[in-house]
Amino acid sequence: MIYGLLALVVVALAVGLVAGVALMAGAHVLGLGGGHAAVAGDAGATLYLPKPEKTKPSDGPSITLGSEPSPDSSSTSSPSIHKPKKTISLQAGEQTVSPMGRIDLTGTYPGGEGAVLNVQKFSNGSWQDFYGISASVTNGSFSTYIQTGTPGLNKFRMIDSDSQRTSNQVKVTIR
């Protein structure tokens, strides 16, 4: 009887060990491991973006297909080209959040394609980079989010890391 009970305990331990190893392997494959979650402003996070470079104009002629000059168009007048005004427009998705609540920052930057914009917070009388949080401009727009626990009225803006051009400021109250 004692040998039977001992054999039962040994078999239960072996089955439990095999099941535990299988569960650990499954969790690892599914990405449910015990690693740390990435948080905005995580010091270990890195992102490499090459410096934007202007493209070189083509040497060949420009061809427009399917259009004919109109009889009233003057050959001496040159077309006027309007470059978009490079202003950074910023909006905050929330005006009031609880401490460490998510604050969505979105905006537009016409003509700023590929630019890296850093988040800044107004603190102690000057603008300071906010934990290295940034956003890249794609198709003239950008978005990121921040979290802060500083109670009261907080002011944020975006700054182009290359041209030092700044956006309007947005105000968010932390309650």
Side-chain angles (χ1 to χ4, degrees), residues 27-65 67 73 77-175:
H28 180 71
V29 168
L30 294 174
L32 302 175
H36 73 284
V39 177
D42 188 5
T46 61
L47 173 67
Y48 171 75
L49 288 175
K51 272 193 151 220
E53 296 179 6
K54 290 199 179 267
T55 56
K56 296 177 181 152
S58 67
D59 295 334
S62 297
I63 300 173
T64 304
L65 300 176
S67 67
S73 67
S77 68
S78 63
S80 61
I81 298 174
H82 299 286
K83 289 187 177 181
K85 197 171 187 181
K86 287 189 173 186
T87 58
I88 305 171
S89 174
L90 176 65
Q91 297 86 34
E94 299 75 24
Q95 276 65 48
T96 304
V97 295
S98 58
M100 298 310 291
R102 181 178 171 131
I103 303 167
D104 294 307
L105 299 177
T106 59
T108 58
Y109 188 11
E113 188 68 26
V116 176
L117 305 178
N118 295 323
V119 178
Q120 289 189 325
K121 179 180 179 183
F122 192 76
S123 179
N124 297 325
S126 65
W127 290 99
Q128 307 292 324
D129 284 341
F130 190 69
Y131 298 108
I133 298 174
S134 62
S136 297
V137 178
T138 305
N139 295 326
S141 64
F142 60 90
S143 69
T144 188
Y145 74 94
I146 56 173
Q147 296 172 303
T148 183
T150 308
L153 184 67
N154 289 266
K155 298 176 188 176
F156 299 98
R157 73 176 184 183
M158 303 298 283
I159 185 168
D160 185 332
S161 58
D162 288 334
S163 70
Q164 300 302 306
R165 188 173 283 122
T166 60
S167 72
N168 57 298
Q169 67 180 9
V170 293
K171 298 175 183 177
V172 180
T173 302
I174 309 299
R175 294 183 194 233

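The structure presented is a predicted model; accordingly, all values stated were derived computationally and were not measured.
- Within a 6.0 Å radius of CD in Glu53, no more than 12 heavy atoms belonging to other residues, nucleotides or ligands are found.
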For residues 91-99, dump all side-chain donor-acceptor pairs below 3.5 Å to protein atoms at least two apart in sequence or in another chain.
from	atom 1	to	atom 2	distance (Å)
Gln91	NE2	Ser89	OG	2.9
Glu94	OE1	Asp104	N	2.9
Gln95	NE2	Ala92	O	3.4

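- A side-chain donor-acceptor contact under 3.5 Å links Glu113 to the backbone of Asn139.
- With a 4.5 Å cut-off on side-chain heavy atoms, Ile88 and Phe142 count as touching.
- Gln169 and Lys155 make their closest contact through OE1-CD, 3.6 Å (heavy atoms, listed as atom of the first residue, atom of the second, distance).
- In this structure, a donor-acceptor pair under 3.5 Å is absent between the side chains of Ser163 and Lys86.
- Side-chain contact between Arg157 and Trp127 is present, with heavy atoms from C-beta onward closer than 4.5 Å.
- Expressed to the nearest 0.5 Å, how far NZ of Lys121 lies from OG1 of Thr150 amounts to 3.0 Å.
- Proximity of Val119 to Met158: side-chain heavy atoms (C-beta onward) are separated by under 4.5 Å at one or more points.
- A distance of 10.5 Å separates OG1 of Thr144 from CZ of Phe130, quoted to the nearest 0.5 Å.
- Going from atom CG of Leu105 over to atom CZ of Phe156 covers 7.5 Å, rounded to the nearest 0.5 Å.
- Taking every heavy atom of both residues into account, Asp162 and Asp160 meet most closely at N-OD1, 2.9 Å.
- Note that the CG atom of Asn168 and the OG1 atom of Thr87 stand 9.0 Å from one another [nearest 0.5 Å].
- Summarising the geometry of Pro110 relative to Thr108, their closest heavy-atom pair is CD-C, 3.8 Å, with the distance given to 0.1 Å.
- Closest of all the heavy-atom pairs between Ala135 and Ser143 is CB-O, 3.8 Å.
- A distance of 9.0 Å separates CD1 of Ile174 from CG of Leu153, quoted to the nearest 0.5 Å.
- The closest donor-acceptor contact from the side chain of Ser161 to the backbone of Val116 lies under 3.5 Å.
- Interatomic distance, OG1 of Thr166 versus CG of Leu117, reported as 11.0 Å (0.5 Å rounding).
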